Amino acid sequence: MLIKQSKYAEELEYYMKALPLIEKSGNTKGYLKVLCNIGGVHRGLKNPTRAIHFLKRAETIAEKEKDLGSMVQVYFDLGAIYFGEGEYNKAIEYESKAIEICHQTGNKSFESVCKQVLATIYSEGLDENDTALKYVNESLELAEELKDQFLIFNGLGVLSNVYRKQGKYKESEEAAFKAWEMDSTNLNMGPNIAANIAVANIYLGNKEKAVEFFNKNNGLISKNTDKAYQESLMDLEVKYETEKKELQIEVLEKEKQLYVWLGAASIVILLLAIGLLFIRHRLITQKRELAEQQVKQLEKEKQLVAAYAALDGETAER
């Protein structure tokens, strides 16, 4: 995870540099993919505002192009982000749209994941556990059909949560214990599974087993806390670097656009100046030609006066 986190800054820098180039090239699919990846990187960095910004741009293009694969990815990511932000209705809307497309295209793996998210939203967010139970059971059916151990493990964890919230502690303990037997070292779902087993056994009157799994829960939480602390430090550093680089890239793009506009404006001003000089030169030329014509006219008039004067002189002499 730490290695993955450390690469986010590098990934984001690459994607942000590629984004304007791909947009100008007219490669819509490539542009869409980069937008989705940028949104995914920001989601991984726990930066929901920026993630939503890029994913919404991707959503518009994906729907216009009817790119079902991209639509599923965007809907799933937006649903998960809105769930984390407590906007449950939006989260349900997006996850439901993703499930509908998965059902159409036969993408059972993604459908299973989306239904687990929906089950969690209904259970943890809205306290509608009957609806949550429906979705998690459907998710587990798909996971077992695919024989996907990861999906089965997570599905059992969600199922255990739903049963616990319903007060069905025997069913909660059974689901959690199946998951525990599959993987007792998982730092993401493991503490929750151990806690469910402990809580269920308190209500079922098995004090020794409850204490045993509370201790296991504490051990996993301790490891998870150390990991989370290290990741949070890494996150802060990576977020700072990525946001700084992203800002630098945006500033450079704006500077480039400014230079283009300034260049265009300079050319327009130069053309206007040349036009004005040409008009001025034309006016001066016309004035000079007019003056020369007037001079010639005066010369002709003088010659005529002189001729008439000579003629009058001759007449008088005669």
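Not measured: the values here are computed from a predicted model. For this chain, numbers begin at 1 and follow the sequence in order. Computed over heavy atoms, backbone and side chain alike; hydrogens, waters and symmetry mates excluded.
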Query raised in the report: Can you find a side-chain donor-acceptor pair between Asp130 and Gln166 that sits under 3.5 Å?
Result: yes
Query raised in the report: Under a 4.5 Å side-chain heavy-atom rule over Ile, Leu, Val, Met, Phe, Trp and Tyr, are Val113 and Tyr82 clustered together?
Result: yes
Query raised in the report: Atom CG of Leu140 and atom CG of Asn154: how far apart are they, to the nearest 0.5 Å?
Result: 10.0 Å
**Report entry** Residue Glu181 excluded, over 12 heavy atoms near CD under 6.0 Å
**Finding:** yes
Query - Donor-acceptor side-chain pairing of Gln116 and Ser139 below 3.5 angstrom - result: yes
Requested in this report: Quick one: sort the Tyr122 and Tyr135 rings into parallel, tilted or perpendicular, breaks at 30° and 60°.
Outcome: parallel
Query raised in the report: Do the side chains of Leu133 and Leu118 join up, straight or via other hydrophobic residues, at under 4.5 Å, putting them in one cluster?
Result: no
Query raised in the report: Just by distance, do the side chain of Glu65 and the backbone of Thr28 share a donor-acceptor pair under 3.5 Å?
Result: no
Query raised in the report: Should Lys90 and Glu87 count as an ion pair when the cut-off is N to O under 4.0 Å?
Result: yes
Query raised in the report: Under 3.5 Å, is there a donor-acceptor pair linking the side chains of Glu59 and Tyr94?
Result: yes
Requested in this report: For the residue pair Asp183 and Thr185, confirm or rule out a side-chain donor-acceptor distance under 3.5 Å.
Outcome: yes
Query raised in the report: Do the side-chain N and O atoms of Tyr31 and Arg57 include a donor-acceptor pair separated by under 3.5 angstrom?
Result: yes
Query raised in the report: Can you check whether Ser172's main-chain N or O pairs, donor with acceptor, with Ser160's side chain at less than 3.5 Å?
Result: yes
Query raised in the report: For Tyr75, is the NZ or CZ atom of Lys97 found under 6.0 angstrom from the centre of its six-membered ring and inside 45 degrees of the ring axis?
Result: yes
Requested in this report: To the nearest 0.5 Å, tell me how far Lys170 NZ sits from Glu174 CD.
Outcome: 5.0 Å
Query raised in the report: Is it true that the side chains of Glu93 and Asn89 contain a donor and an acceptor less than 3.5 Å apart?
Result: no
Query raised in the report: Does the ring center of Phe76 lie less than 6.0 Å from the ring center of Phe110?
Result: yes
